[in-house]
Amino acid sequence: MSSFLLSSLFLVAMMVVSSGLTVDFYKETCPSAEDVIRETVNKALQKDAGLGAGLIRMHFHDCFVRGCDASVLLDSTHANTAEKDSPPNNPSLRGFEVIDEAKRMIESKCPQTVSCADIIAFAARDSALKLGNISYSVPAGRRDGTVSSSAEAVVNIPSPSFNLTQLQDSFTSKGLSIDDMVTLSGAHSIGRAHTSNTSTVPMEPATPNTLDNLYYKQVMDHKGLFGSDNELLSSSVTAKLVRDNAKFGAVWAAKFGSAMVRTGNIGVLTGEEGEIRKNCRVVN
Ligand code: HEM
Ligand SMILES: *[C@@H]1O[C@H](CO)[C@@H](O)[C@H](O)[C@H]1NC(C)=O
Ligand SMILES: *[C@@H]1O[C@H](CO)[C@@H](O)[C@H](O)[C@H]1NC(C)=O
Ligand SMILES: *[C@H]1O[C@H](CO)[C@@H](O)[C@H](O)[C@H]1NC(C)=O
């Protein structure tokens with residue numbers, strides 16, 4: 001075999017394993033984990049579909065701060081203001097009770113085996129399936145972190161007033177591409193935004209509980225809710241991605257799944273790093 005072919009194979013293998021996560025991670029240690037989470041998510045979304053938007057956003061916000069380590073789930077303490085109490089998350093981030101319920105069910109079957117970080121990743125995937133019929137496998141094996149800082153959330157979570165350069169810098173600094181950024185922004189086809197602490201508007205009013213590509217049509221009409229949405233039209237590269245996603249819904253949906261998997265790889269703790277929390281709200 002040529003050394004070129006060998007090194008290419010090596011590169012491909014590295015790309016497959018580079019995150020250190022694997023699909024079916026709990027096959028031996030907690031075979032029912034993914035089913036239990038899916039059932040919990042489905043039950044919650046049946047009562048309130050908006051929680052699915054919350055869970056997809058929660059995965060993004062977890063992974064952009066200290067990697068996907070469930071730092072977003074830790075409660076503030078007397079001495080520390082946690083991510084969940086930072087302006088990008090409070091009062092808007094929702095779905096915490098769904099994670100608590102899934103964790104409670106799983107702990108009763110497989111104590112201290114399934115990380116809170118993996119539960120978020122699975123719950124986001126289950127939400128995408130329920131709200132968008134978007135289906136993808138989630139590599140798992142993440143471990144939970146022990147630190148959560150409000151200030152770090154402010155620095156790492158992109159602001160709706162960002163211009164395109166700032167948005168691009170935010171995503172590429174996490175190892176995601178410009179294409180990933182535009183693809184993931186399609187999540188703004190579901191859920192709501194706060195106009196004040198008590199008043200909200202739907203992100204995409206036509207089908208606010210369906211994860212579809214209508215967001216891109218909205219942006220093409222310059223009707224994106226945030227400046228950051230409409231900024232996607234401000235370069236020819238991102239504007240073309242917006243138009244393509246608006247035109248080819250099935251292609252966008254497949255890309256969305258892959259981009260969520262790449263989001264889920266950001267800065268993960270694996271092996272003996274971190275811990276498996278007993279309660280997702282507090283470190284052990
Ligand atoms: C590109 C940069 C992004 C910015 C500036 C941004 C900003 C925002 C803001 C300000 C809200 C409204 C929060 C509120 O007031 O309630 C929101 C909602 C939301 N975002 Fe983003 N976001 C971005 C990317 C993403 C990504 C990558 C995802 C997931 C893949 C996502 C998923 C969502 C969802 C689902 C909602 C609705 C949440 C709910 O209904 O509870 N966003 N976003
Ligand atoms: C959901 O997607 C699958 C392909 O992944 C497709 O076969 C099925 O018809 C879709 N279901 C609905 C309700 O659109
Ligand atoms: C984007 O915002 C940054 C920070 O405010 C600023 O330095 C930069 O010039 C802006 N870029 C464009 C293209 O407007
Ligand atoms: C939003 O509502 C909370 C009470 O839930 C109140 O304390 C806060 O002042 C309100 N803020 C704005 C900007 O309306």
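We count ligands from 1, going down the list as the structure has it; atoms in each ligand are counted the same way. This one's a predicted model, so the numbers in the text were calculated from it and none came from an experiment.
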Exercise for review: Please indicate, with yes or no, if any protein heavy atom is found under 4.0 Å from atom 10 (C) of ligand 2?
Suggested key: yes

Practice item. Could you tell me whether ligand 1 has any atom less than 4.0 Å away from a heavy atom of Phe226? Key: yes

Exercise for review: Please write down residue, atom name and distance for the protein heavy atom closest to atom 5 (O) of ligand 3.
Suggested key: Gln166 NE2, 3.9 Å

Practice item. Check each atom of ligand 1 against the heavy atoms of Gly54 and keep those under 4.0 Å away; list them by number with element. Key: 41 (O)

**Study point:** Pro158 and ligand 1 - part of the residue with a heavy-atom distance under 4.0 Å
**Key:** both

Review point. Which residue owns the protein heavy atom closest to atom 14 (O) of ligand 2, what's the atom, and how far is it?
Key: Asn133 ND2, 3.2 Å

Revision key, fill the gap. A student comparing Leu164, Asn163, Thr165 should find that the heavy atom closest to atom 2 (O) of ligand 3 comes from Asn163

Study note, to complete from the structure: Among non-hydrogen protein atoms, atom 29 (C) of ligand 1 lies closest to Ala187 CB, 3.5 Å

Point to revise | Protein contact of atom 19 (C) of ligand 1 - nearest heavy atom, named by residue and atom, plus distance | key: Arg57 CD, 3.3 Å

Revision key, fill the gap. Checking heavy atoms under 4.0 Å, the part of Met203 that sits near ligand 1 is side chain

Point to revise | CE-OH distance between Met203 and Tyr215, expressed to the nearest 0.5 angstrom | key: 7.5 Å

Check your understanding: Quick check: does any side chain N or O of Asp69 sit under 3.5 Å from a backbone N or O of Asp144, one acting as donor and the other as acceptor?
Key -> no

Practice item. Please report which non-hydrogen protein atom sits nearest to atom 35 (C) of ligand 1, along with the residue it belongs to and the distance in Å to one decimal place. Key: Ala53 O, 3.2 Å

Check your understanding: Between Phe171 and Phe60, how do the two ring planes meet: parallel, tilted or perpendicular, split at 30° and 60°?
Key -> parallel

Review point. So which bit of His194 gets within less than 4.0 Å of ligand 1, heavy atoms only: side chain, backbone, both or neither?
Key: both

Revision key, fill the gap. Quick look: Phe171 vs ligand 1, heavy-atom contacts under 4.0 Å, and the answer is side chain

Check your understanding: Quick check, are the ring centers of Trp252 and Phe248 under 6.0 angstrom apart?
Key -> no

Practice item. Give yes or no for whether the N/O distance cutoff of 3.5 Å, strictly under, is met between Ser159 and ligand 1. Key: no

Exercise for review: Just need the protein heavy atom nearest to atom 41 (O) of ligand 1, so name the residue and atom and give the distance.
Suggested key: Arg94 NE, 2.7 Å

Check your understanding: Looking at atom 20 (N) of ligand 1, what's its closest protein heavy atom, distance included?
Key -> His188 NE2, 3.0 Å

Review point. For atom 24 (C) of ligand 1, what is the nearest protein heavy atom, given as residue, atom name and distance?
Key: Phe60 CE2, 3.3 Å

Practice item. First locate atom CD of Gln166, then atom CD of Glu231, and finally report the distance between them rounded to the nearest 0.5 Å. Key: 8.5 Å

